[in-house]
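Each remark here refers to the structure printed beneath this line.
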There are 2 protein chains.
Amino acid sequence: MPIAQSHARGPRWRRRPEVRPQQILEAAFRVFGTRGLHQATLDDVARAAGITKGTIYLYFPSKADLFTAMLKARVNRIMPPVDVPKGGPGPVTTRDRLCTLGRRLYRFFCSPAYLAMYRTLISEAPQFPEATAHFYREGILQANQRLAEVIRQGISAGEFREVNPIIAARAFVGMFQIFAVSQGLLGGQRLYPIPETRIVRTVTEIFLSGLLISGAGASRRRPARGSR
Amino acid sequence: MPIAQSHARGPRWRRRPEVRPQQILEAAFRVFGTRGLHQATLDDVARAAGITKGTIYLYFPSKADLFTAMLKARVNRIMPPVDVPKGGPGPVTTRDRLCTLGRRLYRFFCSPAYLAMYRTLISEAPQFPEATAHFYREGILQANQRLAEVIRQGISAGEFREVNPIIAARAFVGMFQIFAVSQGLLGGQRLYPIPETRIVRTVTEIFLSGLLISGAGASRRRPARGSR
DNA sequence: TTTTATTAACTAACTGGTCAGATACTTGGA
DNA sequence: TCCAAGTATCTGACCAGTTAGTTAATAAAA
């Protein structure tokens with residue numbers, strides 16, 4: 001059931017050799033992400049792409065190859081862009097920037113697209129070690145580098161104490177991710193009776209207090225009673 | 001290929017109705033954990049249990065039921081025991097206890113058994129929502145409660161500032177988990193060129209500095225140069 | 001001898017991958 | 001501008017391999 005032809009006299013299908021690969025990769029992402037690689041059939045993917053299974057094999061030699069190609073195509077969407085103004089940080093402190101970043105990270109990690117990608121990656125990693133390693137190197141570690149750069153700036157500016165920024169950045173991500181994954185994949189229907197804003201605020205507080213130089217003050221945004 | 005019978009005159013197999021279920025669950029955990037639920041066949045499980053597939057169906061009505069039963073049987077092994085001496089904390093500070101705990105947590109998260117369980121849970125969660133929710137409630141949240149209790153003691157003792165202990169505990173876990181999962185599932189062969197001890201030390205430092213009341217000092221165990 | 005746990009061979013359904021043929025588009029001649 | 005021959009793209013039926021689940025036969029125990 002390709003291109004709908006209910007209306008008058010459309011062709012049963014169209015030749016679209018330029019867009020097919022992208023179309024298929026997009027469908028593969030959606031279908032693999034929701035059903036899982038082994039539960040999803042190529043007929044599912046084809047249907048989602050509006051074509052039939054045979055067409056997939058014109059562009060990808062096997063299901064496994066389609067999967068790894070999909071991973072490659074997604075490699076730079078694993079984290080939202082971390083805008084790092086390399087020049088003067090201007091009037092805004094690194095502390096403030098991390099607050100904003102935390103909120104954005106958490107939102108992103110909660111998105112179905114991220115959760116699907118995370119699930120897919122975790123699930124299939126052992127069976128696709130090279131593809132996974134590539135994704136890890138080019139996607140995850142790159143993103144972490146950009147995040148670490150922010151922390152590094154905070155250290156240079158004298159705001160933060162000296163910690164390994166790579167480790168700190170990854171830990172920052174880990175804190176948000178565990179909540180997002182718990183909620184999105186495991187908890188489902190609000191098993192955690194904690195509102196998002198409180199999670200983001202508390203986590204950011206802990207992390208910032210852990211990095212800020214003592215006496216630079218302002219580890220809490222509002223009186224401590226709020227975080228209880 | 002059930003019970004080995006190479007030595008003289010053993011019976012070809014034994015009737016073991018009492019131990020079979022446990023045996024099967026144990027094998028299911030190993031096989032599902034390594035191959036993944038859909039890649040692992042029931043013949044694989046049977047072979048691992050030293051029986052044949054038919055026997056599995058004497059004790060479990062279907063593959064899905066075997067899987068959920070396996071989850072239930074594993075529910076209280078999701079985290080290492082957190083010994084919380086409810087009585088007087090004695091001479092040891094909560095700070096010290098968290099240091100030890102961090103190391104133990106990280107080691108545990110790096111273990112193949114934990115990683116297999118994590119992978120399994122993440123992979124199959126959408127297809128077994130009730131079983132997952134049960135595991136989450138009875139296993140993960142319980143363990144987090146025990147961990148939160150430690151933090152709560154630190155707050156009562158005046159060591160830590162007031163934060164939501166549930167959130168803090170989960171964040172603590174999240175920091176270690178992301179490193180363990182990256183290393184164990186994604187990175188594989190040491191893509192992270194950071195030694196374990198440094199990860200554990202830095203993460204614990206950040207977390208403790210984030211909780212300790214300023215001026216209670218000792219946010220770093222050794223001069224800051226070590227963490228660069 | 002009877003009971004019951006276990007096996008091993010079986011079936012039915014599913015799915016990755018193939019390919020012959022059908023169909024949309026292109027080109028060039030009139 | 002129209003049309004026919006040619007080609008690239010796509011389909012759908014098919015095959016071969018795999019596996020969850022069944023069951024008749026068998027062997028251990030009672």
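Numbered from 1 within each chain, the chains take letters A, B, ... in sequence-line order.
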For this session: Please work out if Ala40(B) contacts a base, only the sugar-phosphate, or nothing of the nucleic acid, heavy-atom cut-off 4.0 Å.
Result: sugar-phosphate

Exercise. Choosing from dA8(C), dA22(C), dA5(C), which nucleotide comes nearest the side chain of Arg12(A)?
Worked result: dA22(C)

Seminar exercise, completed: Assert: residue with more 5' nearest nucleotide on DNA chain D, out of Lys63(B) and Thr55(A), is Thr55(A)

For this session: Establish, yes or no, whether a centroid distance under 6.0 Å links the rings of Phe67(A) and Phe128(A).
Result: yes

For this session: May I have the distance from Phe60(B) (atom CZ) to dA5(C) (atom C1'), rounded to whole angstrom?
Result: 15 Å

Exercise. Think Tyr59(A) has a side-chain N or O under 4.0 angstrom from the OP1 or OP2 of dT9(D)?
Worked result: no

Exercise. Of all the choices, dA20(D), dT7(C), dT9(D), which nucleotide is nearest to the side chain of Trp13(A) once you look at every atom?
Worked result: dT9(D)

Exercise. Under a 4.5 Å cut-off applied to non-hydrogen side-chain atoms, are Arg47(B) and Asp43(B) in contact?
Worked result: yes

For this session: Output yes when at least one side-chain N/O atom of Arg15(B) is less than 4.0 Å from OP1 or OP2 of dT3(C), else no.
Result: no

Problem set entry | For atom OH of Tyr57(A) and atom P of dC10(D), their distance in whole Å | 16 Å

For this session: Indicate, with a heavy-atom threshold strictly under 4.0 Å, whether Ala64(B) touches base, sugar-phosphate, or nothing.
Result: nothing

For this session: Spell out yes or no: do the side chain of Lys53(B) and the base of dG21(D) have one donor N/O and one acceptor N/O closer than 3.5 Å?
Result: yes

For this session: Can you tell me the distance, in whole Å, between the CG atom of Leu58(B) and the C1' atom of dT3(C)?
Result: 14 Å

For this session: Take atom CZ of Arg47(A) and atom C1' of dC10(D), then tell me their distance rounded to the nearest Å.
Result: 17 Å

Exercise. Can a cation-pi geometry be assigned to Arg74(B) and Phe29(B), taking NZ or CZ under 6.0 Å from the six-membered ring centre and within 45° of the ring axis?
Worked result: yes

Exercise. Atom NE2 of His38(A) and atom P of dG17(D): how far apart are they, to the nearest Å?
Worked result: 20 Å

Exercise. Does any donor atom in the side chain of Arg103(A) or Thr204(A) lie under 3.5 Å from an acceptor atom in the other side chain?
Worked result: no

Problem set entry | Between dT26(C) (P) and Glu18(A) (CD): distance, integer Å | 9 Å

Exercise. Hey, which of these two, Pro17(A) or Pro61(B), hits DNA chain D nearer its 5' end, going by closest nucleotide?
Worked result: Pro17(A)

Problem set entry | OP1 or OP2 of dA8(D) under 4.0 Å from side-chain N/O of Arg16(A) | no

Seminar exercise, completed: Between CG of Asp43(A) and P of dG16(C) the distance, given in whole Å, is 7 Å

Seminar exercise, completed: Contacts of Gln39(A) and Gly54(A) projected onto DNA chain C by closest heavy atom; the upstream (5') one is Gln39(A)

For this session: May I have the distance from Asp44(B) (atom CG) to dA20(D) (atom C1'), rounded to whole angstrom?
Result: 13 Å

For this session: Classify the angle between the aromatic ring planes of Tyr114(A) and Tyr118(A) as parallel (below 30°), tilted (30 to 60°) or perpendicular (above 60°).
Result: parallel

